[in-house]
K.L.:
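Below is a structure I'd like to ask you about.
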Amino acid sequence: MGERVEIFEVGPRDGLQNEPHPIGVAQKVALVDKLSDAGFGRIEVGSFVSPKWVPQMGESDKVFATIARAPATRYAALVPNMMGYGMAVTARADEIAVFASASEGFSKANVNATIAESLDRFRPILEEARHIDLPVRGYVSCVTDCPYDGAVDPANVARVADQLFAMGCYEISLGDTLGQGTADSVSRMVLAVRDHVPAGRLAGHFHDTNGQALDNVDCALALGVRVFDGAIGGLGGCPFVPGAAGNVATEALNAHLVRLGFETGLDQTALDNAATFAQSLRAPAPVG
Ligand code: HMG
Ligand code: MG
């Protein structure tokens, strides 16, 4: 049997958050249920952020209340502050994720706070979550490039990752939010982070703006990363990153990892079905 690599499915959150037209609760639930059938250990279902900032995630509570929970799957929610934490707990999220940026420009655009202020907001969340044994994942965004500040120094990524890990995040997901990472910038960044956080606690989160996502996965694999975020159907982008494309498509990522001899535990046929459904939720391309 091949070595285990896990795909963390983020499509219902990172994918759908960027869709400009409203997608109903029933369709979101149907997507999560199809993903549960594919065998994921972890699925990010939605976020409890300001609906003024990200309207598409405004009904995440209803989605959590309606999904059919598979016993072996943990259903995750993204939260920016204590208010979101409370909503995630009420929704019975099995784990939560906090998110910081490695660049000040994106931090301001995404959460209206400096990096330091955003980290300060997370401390009480980690504190409360510890009391109820709720696992907390940490994201670092813009790990190679920022749409506002340009190239990002790997030392800044390492510092933010180190702080999230020290706070108690069990895993740090390294987000190439803009999808501009290259073999060189991704490798330098992972090497810098690995000095602070063990590779076994890292995840790679690659967007596919330049068609480099699978190559960047290979770079991170070579440096010991064994968890990768994917969005079914290649959904996504970020509302605060103009021009960024979707996450690496889960179905393509799974096929790639299996070809390399890794074991993911996912059902490729169920993934392909879920991908077709995910694509059908997208806004039709403008005519003309
Ligand atoms: P703000 O406007 O500075 O803060 O937003 P505020 O505290 O003044 O709140 C404004 C309003 O939002 C208030 O309502 C609050 O009650 C409400 P009002 O009084 O005006 O009626 N509010 C909330 N409502 C629901 N849930 C909450 C919440 N908090 C406040 N949790 C804030 C600051 C952080 C809230 C805002 O900037 C925000 O929600 N940002 C989230 C943006 C977001 O979700 N971005 C996408 C996810 S990150 C990403 O995609 C990257 C990632 O995928 C990795 C990668 O790709 O690299 C993770
Ligand atoms: Mg993302």
Side-chain angles (χ1 to χ4, degrees), residues 8-19 44-61 64 76-91 93 96-103 105-115 117-122 124-125 136-148 152 157 160-161 164 169 171-181 186 189 202-209 213 216 228-232 234-250 253:
F8 184 118
E9 174 59 40
V10 297
R13 195 280 303 170
D14 203 7
L16 295 186
Q17 73 179 6
N18 201 44
E19 283 301 316
E44 202 166 72
V45 169
S47 61
F48 294 100
V49 301
S50 165
K52 288 183 187 149
W53 285 64
V54 186
Q56 189 66 264
M57 291 288 108
E59 294 185 312
S60 291
D61 56 340
F64 266 98
L78 191 78
V79 305
N81 53 21
M82 278 304 284
M83 184 174 178
Y85 170 79
M87 294 165 84
V89 171
T90 303
I96 58 168
V98 294
F99 53 108
S101 172
S103 71
F106 181 68
S107 187
K108 191 75 190 161
N110 198 36
V111 293
N112 198 23
T114 65
I115 298 169
E117 286 165 349
S118 73
L119 292 170
D120 284 344
R121 288 175 184 167
F122 302 153
I125 296 177
V136 184
R137 195 177 197 232
Y139 284 99
V140 185
S141 300
C142 294
V143 293
T144 60
D145 301 87
C146 169
Y148 307 99
V152 172
V157 186
V160 176
L164 288 171
C169 292
E171 182 174 278
I172 308 297
S173 174
L174 300 167
D176 175 15
T177 320
L178 194 50
Q180 301 285 3
V186 168
M189 180 276 296
L202 296 176
H205 178 113
F206 297 109
H207 286 250
D208 206 22
T209 315
N216 292 338
F228 294 93
D229 299 349
I232 197 74
L235 290 176
C238 178
F240 307 103
V241 178
N247 291 77
V248 65
T250 303
L253 175 59

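Positions are given from 1, in the same order as the sequence printed here. Only heavy atoms go into these numbers, but all of them, side chains included; no hydrogens, no water, no symmetry mates. Indexing begins at 1, ligand by ligand and atom by atom, following the structure's order.
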K.L.:
Would you mind listing which atoms of ligand 1 come within a distance below 4.0 Å of any non-hydrogen atom of Y139?
P.N.:
54 (C), 58 (C)
K.L.:
Please write down residue, atom name and distance for the protein heavy atom closest to atom 19 (O) of ligand 1.
P.N.:
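Checking every protein heavy atom, the shortest distance to atom 19 (O) of ligand 1 gives K52 NZ, 4.6 Å.
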K.L.:
Quick check on atom 44 (O) of ligand 1 - does any protein heavy atom sit closer than 4.0 Å to it?
P.N.:
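There is a protein heavy atom less than 4.0 Å from atom 44 (O) of ligand 1.
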K.L.:
Please work out whether any backbone atom (N, CA, C, O) or any side-chain heavy atom from C-beta onward of L78 is under 4.0 Å from ligand 1, and answer side chain, backbone, both or neither.
P.N.:
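Side chain only.
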K.L.:
Using a 4.0 Å cutoff against the non-hydrogen atoms of H207, which atoms of ligand 1 qualify?
P.N.:
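It comes down to these atoms of ligand 1: 56 (O).
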K.L.:
Would you check whether S47 has a nitrogen or oxygen atom less than 3.5 angstrom from a nitrogen or oxygen atom of ligand 1?
P.N.:
no
K.L.:
Do any nitrogen or oxygen atoms of R121 lie less than 3.5 angstrom from nitrogen or oxygen atoms of ligand 1?
P.N.:
no
K.L.:
Counting non-hydrogen protein atoms only, what is the nearest one to atom 12 (O) of ligand 1? Give residue, atom name and distance.
P.N.:
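Answer for atom 12 (O) of ligand 1: S50 OG, 3.3 Å.
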K.L.:
Looking only at protein heavy atoms, which one is nearest to atom 23 (C) of ligand 1, and how far off is it?
P.N.:
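Scanning the protein heavy atoms, the shortest distance from atom 23 (C) of ligand 1 goes to M83 SD, 3.5 Å.
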K.L.:
Below 2.8 Å, which protein N, O or S atoms neighbour the Mg ion (ligand 2), ignoring water?
P.N.:
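Those protein N, O or S atoms (cut-off: under 2.8 Å from the Mg ion (ligand 2)) are D14 OD2, H205 NE2, H207 NE2.
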K.L.:
Please name all residues satisfying ring pair (Phe, Tyr, Trp, His ring centres under 6.0 Å) with F240, sequence neighbours left out, ordered by chain then number.
P.N.:
W53
K.L.:
Is there a polar contact, in the sense of an N or O pair closer than 3.5 Å, between C142 and ligand 1?
P.N.:
no
K.L.:
Can you pull out the closest protein heavy atom to atom 52 (C) of ligand 1? Residue, atom name and distance to 0.1 Å, please.
P.N.:
R13 NH2, 3.8 Å
K.L.:
Quick one: which ligand 1 atoms are inside 4.0 Å of a heavy atom on V54?
P.N.:
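Here the atoms of ligand 1 in question are 42 (C), 43 (C), 44 (O).
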K.L.:
Going by the atom numbers of ligand 1, which of them fall below 4.0 Å from some non-hydrogen atom of G175?
P.N.:
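Ligand 1 atoms under the 4.0 Å threshold to G175: 57 (O).
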K.L.:
Got the closest protein heavy atom to atom 3 (O) of ligand 1, with its distance?
P.N.:
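The protein heavy atom lying closest is N112 ND2, 2.7 Å.
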K.L.:
Does ligand 1 have any atom sitting under 4.0 Å from a heavy atom of P51?
P.N.:
yes
K.L.:
Can you find an N/O atom of D176 closer than 3.5 Å to an N/O atom of ligand 1?
P.N.:
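No, since none of the N or O atoms of D176 sits under 3.5 Å from an N or O of ligand 1.
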K.L.:
To which protein heavy atom is atom 51 (C) of ligand 1 closest, and what is the distance rounded to 0.1 Å?
P.N.:
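Closest protein heavy atom to atom 51 (C) of ligand 1: S141 OG, 3.5 Å.
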K.L.:
Counting heavy atoms only, which part of D14 comes closer than 4.0 Å to ligand 1: side chain, backbone, both or neither?
P.N.:
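Answer for D14: side chain.
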K.L.:
Taking distance alone, with no angle check, do V49 and ligand 1 share an N/O pair under 3.5 Å?
P.N.:
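Checking ligand 1 against V49, an N or O pair does fall under 3.5 Å apart.
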